[in-house]
J.: 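Quick one: this structure, given as structure tokens, is what I'll be asking you about.
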2 protein chains.
Amino acid sequence: MLEHLSKLRKQQKWSLQETADQLGMAKSTYAGYESGYREPSLQSLSHIADLFETTVDFLIGRTDQEQDYIEITNLLEKPDAKISIDEKPLSADEIVDFVAFVRLKRSIKEKKI
Amino acid sequence: MLEHLSKLRKQQKWSLQETADQLGMAKSTYAGYESGYREPSLQSLSHIADLFETTVDFLIGRTDQEQDYIEITNLLEKPDAKISIDEKPLSADEIVDFVAFVRLKRSIKEKKI
DNA sequence: ACTTTTCGTATTCAATTCGCGTACCTTTTT
DNA sequence: AAAAAGGTACGCGAATTGAATACGAAAAGT
């Protein structure tokens, strides 16, 4: 559980102390979560997810999707069937086409063409 | 926390005992979660999310999005900026276009036009 | 109609776990 | 070299857990 925590903190280049301060807990407490020595309460876990702008499901390793929004261009590499229309998952082709479509539309709107 | 649990269980028309059995825990234990008397461990919570086919974030009320995939037509009513392309959230217009685009393409493919 | 089973709620209790302080060693900074 | 900061490990009191148990109400069975 919480294998991603250490990586997330280092991405932000925060120390254990800094992170614990932001969360309003003792350094040893937060360190315990990272090391797997302890588990946070649901409330603390929610605060941690807020701080790192991710989901609880990602923190506990239930999903590998880091954000709670979907960047569609990420789906180009591995279409994960995370989005659907009319209950039917988007195919890879549909995603490719749509990305092209929106990019074109945006570029027109910005008068770059 | 876990306000959704009772509703989810009743949707399935399961009793406390049935649900607890499926989760491999005592009835009183599961009942404690529903009533808010106790909090489950992260592992138990993950099992519960699996059983109800939802996310931990939904169970603890961190999001109101019940599934871990996004049905885009739901965003037509309340565009929640849950999806983005090139790091830029889709606008309401883009979502409308997207849906129309995919629907058209699908109907062509199915030779309905 | 009466009995039995099932349902949901509440309480008790031993065992576990939590959060924090503290100490310790290593690395970095001054 | 000294001081500060970073990371790890441990001990303790306090709080929480999970399960057993008990209870009245509702549902099902005879």
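Keep in mind the model is a prediction, meaning the values are calculated, not measured. Reminder, nothing fancy here: chain letters follow the sequence lines and each chain counts from 1.
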J.: Measure from CG on B:Asp21 to P on D:dA19 and round the result to the nearest Å.
T.: 12 Å
J.: At 4.0 Å (heavy atoms only), tell me whether B:Glu34 reaches a base, stays on the sugar-phosphate, or touches nothing.
T.: nothing
J.: Report which part of the nucleic acid A:Ser35 touches: base, sugar-phosphate, or nothing (heavy-atom distance under 4.0 Å, all strands).
T.: nothing
J.: Do the rings of B:Trp14 and B:Phe52 sit parallel, tilted or perpendicular, given the 30° and 60° boundaries?
T.: tilted
J.: Over how many whole Å does the gap from A:Gln43 atom CD to C:dC18 atom C1' extend?
T.: 14 Å
J.: Taking only the side-chain nitrogens and oxygens of B:Arg38, find out if one of them lies under 4.0 Å from OP1 or OP2 of C:dT17.
T.: no
J.: Got a sec: does the CD of A:Glu87 have more than 12 other heavy atoms crowding it under 6.0 Å?
T.: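 Counting neighbours around CD of A:Glu87, 12 or fewer heavy atoms of other residues, nucleotides or ligands fall under 6.0 Å, so no.
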J.: Is the closest side-chain heavy-atom distance between B:Tyr37 and B:Thr29 below 4.5 Å?
T.: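 Contact flag for B:Tyr37/B:Thr29 side chains = no.
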J.: Can you identify which nucleotide, out of D:dG18, D:dG6, C:dC20, has its nearest atom closest to the A:Gln17 side chain?
T.: D:dG6
J.: With a non-hydrogen cut-off below 4.0 angstrom, is A:Thr29 in contact with a base, only sugar-phosphate, or nothing?
T.: base
J.: Specify the separation, in whole Å, of atom OH of B:Tyr30 and atom P of C:dT9.
T.: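 So the two atoms are 11 Å apart, to the nearest Å.
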J.: Side chain of B:Ser28 only, please: which of D:dG11, C:dA10, D:dG7 is the nearest?
T.: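 Between D:dG11, C:dA10, D:dG7, the one nearest the side chain of B:Ser28 would be C:dA10.
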J.: Would you kindly give the CG-to-P distance between B:Leu42 and C:dT16, to the nearest whole Å?
T.: 19 Å
J.: Roughly how many Å is it from NZ in A:Lys27 to P in D:dT8, rounded to a whole number?
T.: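 Atom NZ in A:Lys27 sits about 10 Å away from atom P in D:dT8.
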J.: How about NZ on A:Lys7, more than 12 heavy atoms from neighbouring residues, nucleotides or ligands closer than 6.0 Å, or not?
T.: yes
J.: In whole angstrom, give the distance that lies between atom CG of A:Leu16 and atom P of C:dC24.
T.: 20 Å
J.: Rounded off to whole Å, could you give me the CD-to-P distance for the A:Glu39 and D:dT16 pair?
T.: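 Interatomic distance, CD of A:Glu39 to P of D:dT16: 16 Å.
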J.: Between A:Asp86 and B:Ile72, is any pair of side-chain heavy atoms under 4.5 Å apart?
T.: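 Heavy-atom side-chain distance check fails, nothing below 4.5 Å.
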J.: Phosphate oxygens OP1/OP2 of C:dC18: is one of them under 4.0 Å from a side-chain N or O of A:Tyr33?
T.: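 So the side chain of A:Tyr33 is outside the cut-off, no N or O lying under 4.0 Å from OP1 or OP2 of C:dC18.
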J.: I need the CE-P distance between B:Met25 and D:dA20, as an integer number of Å.
T.: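 Distance, rounded to whole Å: 13 Å.
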J.: Do any side-chain nitrogens or oxygens of B:Ser15 fall under 4.0 Å of OP1 or OP2 in C:dC7?
T.: yes
